[in-house]
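Remarks on the structure that follows.
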2 protein chains.
Amino acid sequence: MVTIYDIARKLGLSAATVSRVVNGVDHPVSERTRRRILDTAGEMGYRPNTIAKSLSRGRTQTIAILLPSITNDFYTQFVDVVENKISGAGYSTFLCNTHRDISRETAWIGTLIERRVDGVVFCPTRVKPGDNAQNLNNVRELSRHGVPVVAIGSHFGAVSQVYVDTYEGSREAVEYLLTLGHRRIGFIDGLSAGTSRRRFRGYADALKKHGITPDPLFQVHGDLSFESGRQCALRLLREASPSAVFAVNNNMAVGVLEAAREQKIQVPGQLSVIGFDDSPVSQMVYPRLTVVRQPLEEIGKAVLGLLSEAIEGKNAPRVIRLKPQLIRRDSCAPEPERRGQARIRF
Amino acid sequence: MVTIYDIARKLGLSAATVSRVVNGVDHPVSERTRRRILDTAGEMGYRPNTIAKSLSRGRTQTIAILLPSITNDFYTQFVDVVENKISGAGYSTFLCNTHRDISRETAWIGTLIERRVDGVVFCPTRVKPGDNAQNLNNVRELSRHGVPVVAIGSHFGAVSQVYVDTYEGSREAVEYLLTLGHRRIGFIDGLSAGTSRRRFRGYADALKKHGITPDPLFQVHGDLSFESGRQCALRLLREASPSAVFAVNNNMAVGVLEAAREQKIQVPGQLSVIGFDDSPVSQMVYPRLTVVRQPLEEIGKAVLGLLSEAIEGKNAPRVIRLKPQLIRRDSCAPEPERRGQARIRF
DNA sequence: CTGAAAGCGCTTACAG
DNA sequence: CTGAAAGCGCTTACAG
């Protein structure tokens, strides 16, 4: 590999001068030597060594995206927009996948500190009850070592956060179903340790506001997979016969569609369905899913903004709140009639 | 940030000794000083600086995955398994997304050379006719700078390759349809500049073997999206009335399902459908798609094996061939009857 | 306009 | 068992 010294030697110049011109630094250099340097750099196939630059500058121009899963549609789309903005800002990005294993998250933290990344986009991994506490430890560990962090969704003390008001999104979705006349509304939750509690509260509050007491019979827990959505729906259909179902993600909502099909229940004729997030699959199924969409482009912009602030050290950590949006497609319809009145419990 | 010098100074030792023990190098050190160093390293919260290590060792322990799109299910799954193996081998991975833009691929090449990555997993971006030539240039550029490369799918001179025999997979899928009695088999291709020519040849050869001359009327081009699959299917249905359709990816195959639904054509009763790759969506639609699956786990293993060889410089570049597998699910059935005999052209 | 020199934080052959 | 020193490839304040 050719270095600035090779160029300097060949031209009888100093490395300092070569460094200045190849970096386009604002520093007076005669036009002639500039040309000579640029030319021979080209001829020799010179490529600056980013590692050496990083060491002397104390900056790596590198950002990590730490997340629970890359095969989950939400994160895939998240990575797509965030990575795009990161590289647009002149950084490279380390992809750090925990595979929903908190111990791998913790391991990544160490690696990222040692790699001296300039910042990390932190999507906490939490599936088990204790995970949340470990997330906090991990964020603190980064902060202790001076690594700027922006957290997605969850709040971790003195660190910036982009927060999508899933409570509000959830509430709106259920409001919508209520407006359509539904009163028997099932809720398919995710892992209990996850952030879906906010989604549940939005659901519950909407019901209460309309004088309906949330009934545990209408609430089931899945694991975010298609198959679990199907199972949950089957159970709801059997035990609560809802006229509408709200699921906390898309895969499970699609599972609901499948369960309905198996039970010969028409969607949306006999059963309305709403999902959360807006993955491509939501428009590839029949009927196309009505969903609560998280504003990915805005999220990406917020993430980069907050991260830049944190890196520059200009502003104090802060949180940017974003609102999800209800996208009405074809999976919802007015409640058909008050079938099964006798079994209504609320 | 605390350095080995800080530890050395505090203990009245040399940086060399500290370096040796914190790295667990095989070099005699008294048990006492080892303990002292380890203890104070712990107390001081010492973290080795990977950047400095990289510079002095001439190795960055970093691998890049360069790909056309991260929102495409195939690449998402590919990244999931490959990144997992890469980090398992002690490397971190740079995610380099070209967004199907060849000029961004070229830009990444420069960045990766300058970052001195230890290797790159190269999934060529090609959508336009000229892209292929640029892919070759890019691979050569990496090689010229001594960066080990393993290419996926395409062949690029003196560089290792993992090759999935999509010709064979395609041929088998069409054989299967022929076995079911289908003779009017539509083919939905991707971008013409892509690798799907091999898939087309598999299709064409299977037909010929059964005495059927491939008819251009049965061949249409989509852009790999769901919507284009739908459009292509609509056109095929209108102009060629096939009894089976084979699409070169899953999204388009799902689009075929949607088109059939709109036209009140039963799948698989009146139309059989096969897709390529095996994305999660293929099992979330109705009916579940029969597909040609690429063996991701094996691909991942092959990639890492080849990359290791290239990094160690032990073996000459070589290619590992893998075979896709036909996964029979619910979207295919025997050809119902010879409807529309009069219009058969072959 | 150009350069000498120290520094970034580590590794490692060479001595002792 | 321990250390002095050079080297990895840059940057940049300081001189001239």
Side-chain angles (χ1 to χ4, degrees), chain A residues 1-38 40-41 44-62 111-118 145-147, chain B residues 1-38 40-41 44-62 111-118 145-147:
Chain A
M1 279 291 185
V2 9
T3 72
I4 52 174
Y5 278 91
D6 297 326
I7 300 176
R9 196 176 314 123
K10 188 158 190 171
L11 259 32
L13 291 168
S14 73
T17 302
V18 175
S19 170
R20 284 176 192 124
V21 350
V22 298
N23 281 293
V25 169
D26 181 27
H27 189 96
V29 178
S30 84
E31 194 46 36
R32 171 152 183 279
T33 74
R34 174 185 308 282
R35 268 265 59 85
R36 293 176 68 210
I37 289 173
L38 257 20
T40 78
M44 300 177 78
Y46 170 72
R47 294 288 195 153
N49 183 326
T50 306
I51 301 299
K53 273 188 151 97
S54 297
L55 185 59
S56 65
R57 285 186 178 160
R59 274 247 206 158
T60 56
Q61 292 300 115
T62 199
T111 301
L112 297 180
I113 291 171
E114 299 182 355
R115 285 198 177 272
R116 302 298 193 262
V117 297
D118 291 337
H145 289 272
V147 184
Chain B
M1 278 291 183
V2 9
T3 71
I4 53 173
Y5 278 92
D6 297 325
I7 299 177
R9 197 175 313 122
K10 188 156 188 171
L11 260 32
L13 292 168
S14 75
T17 303
V18 175
S19 170
R20 285 176 192 126
V21 349
V22 298
N23 282 293
V25 169
D26 181 27
H27 190 97
V29 178
S30 82
E31 194 44 39
R32 172 154 181 278
T33 74
R34 174 184 308 282
R35 268 265 60 85
R36 292 175 70 209
I37 290 174
L38 257 19
T40 79
M44 299 177 79
Y46 170 72
R47 294 288 193 154
N49 183 327
T50 307
I51 301 299
K53 272 187 150 97
S54 296
L55 185 59
S56 65
R57 285 187 179 160
R59 273 246 204 160
T60 56
Q61 293 299 114
T62 199
T111 301
L112 296 181
I113 291 170
E114 299 183 354
R115 285 198 178 272
R116 303 296 193 263
V117 298
D118 292 337
H145 288 272
V147 184

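Chain naming here is simple, since letters A, B, ... match the order of the sequence lines and numbering starts at 1 in each. Just so you know, these numbers use all the heavy atoms, side chains as well, and skip hydrogens, waters and symmetry mates.
Taking atom CD1 of A/I51 as the reference point, atom P of D/dC10 lies 11 Å away to the nearest angstrom. Here the P atom of nucleotide C/dC10 and the CE atom of B/M1 are 10 Å apart, to the nearest Å. When the P atom of D/dG9 is taken as reference, atom CD1 of A/I7 falls 13 Å away, rounded to whole Å. In this structure, CD1 of B/I37 is placed 11 Å from C1' of D/dC1, rounded to the nearest angstrom. Between the P atom of C/dG7 and the CG atom of A/L55 lies a distance of 14 Å, rounded to the nearest Å. What separates CZ of A/R34 from P of C/dC1 is a distance of 9 Å, to the nearest Å. Regarding B/R36, its CZ atom lies at a distance of 13 Å from the C1' atom of D/dT2, rounded to whole Å.
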As a check on the pairing definition, encode DNA chain D in dot-bracket form, counting Watson-Crick and G-U wobble pairs whose two distances are under 3.5 Å, and using | for partners outside this strand. |||.||||||||.|||
Using nucleotides 11-15 of chain C, report all nitrogen or oxygen pairs with the protein that are shorter than 3.5 Å.
from	atom 1	to	atom 2	distance (Å)
C/dT11	OP1	B/N23	OD1	3.3
C/dT11	OP1	B/N23	ND2	2.9
C/dT11	OP1	B/R57	NH2	3.3
C/dT11	OP2	B/S19	OG	2.2
C/dT11	OP2	B/N23	ND2	2.8
C/dT11	O4'	B/S56	OG	3.1
C/dA13	N6	B/R20	NH2	2.8

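Within the nucleic acid shown, B/L13 comes within 4.0 Å of sugar-phosphate atoms alone, with no base atom in reach, counting heavy atoms only. In this structure, A/T50 reaches neither bases nor backbone, as no heavy-atom distance under 4.0 Å exists between it and the strands shown.
Contact between A/R34 and A/V21 at its shortest, heavy atoms only, is O-CG2, 4.1 Å. Between B/I113 and B/H145, the closest heavy-atom pair is CD1-CD2, 3.6 Å. Taking each heavy atom of B/V22 and B/I37 in turn, the nearest pair found is CG1-CG2, 4.1 Å. When all heavy atoms of B/N23 and B/K53 are compared, the closest pair comes out as OD1-NZ, 3.2 Å. Nearest approach of B/A8 to B/A15, heavy atoms of both residues: CB-N, 3.8 Å.
At the phosphate of D/dC8, neither OP1 nor OP2 sits under 4.0 Å from any side-chain N or O atom of B/S54. Under 4.0 angstrom from either OP1 or OP2 of D/dG3 there lies at least one side-chain N or O belonging to B/S14. Note on A/T3: every side-chain N or O is 4.0 Å or more away from OP1 and OP2 of D/dC8.
Of the possible donor and acceptor atoms, one in the side chain of A/T60 sits under 3.5 Å from a partner among the backbone N and O of A/R116. Proximity of a side-chain donor or acceptor of B/T50 to a complementary backbone N or O of A/E114 within less than 3.5 Å is detected.
Within the 4.5 Å cutoff, the side chain of B/Y46 has heavy atoms near those of the B/I4 side chain.
How far OG1 of B/T40 is from CD1 of B/I7: 5.0 Å, rounded to the nearest 0.5 Å.
Each of B/V29 and A/R47 was matched to the nucleotide of DNA chain D holding its nearest heavy atom; the match closer to the 5' end belongs to B/V29.
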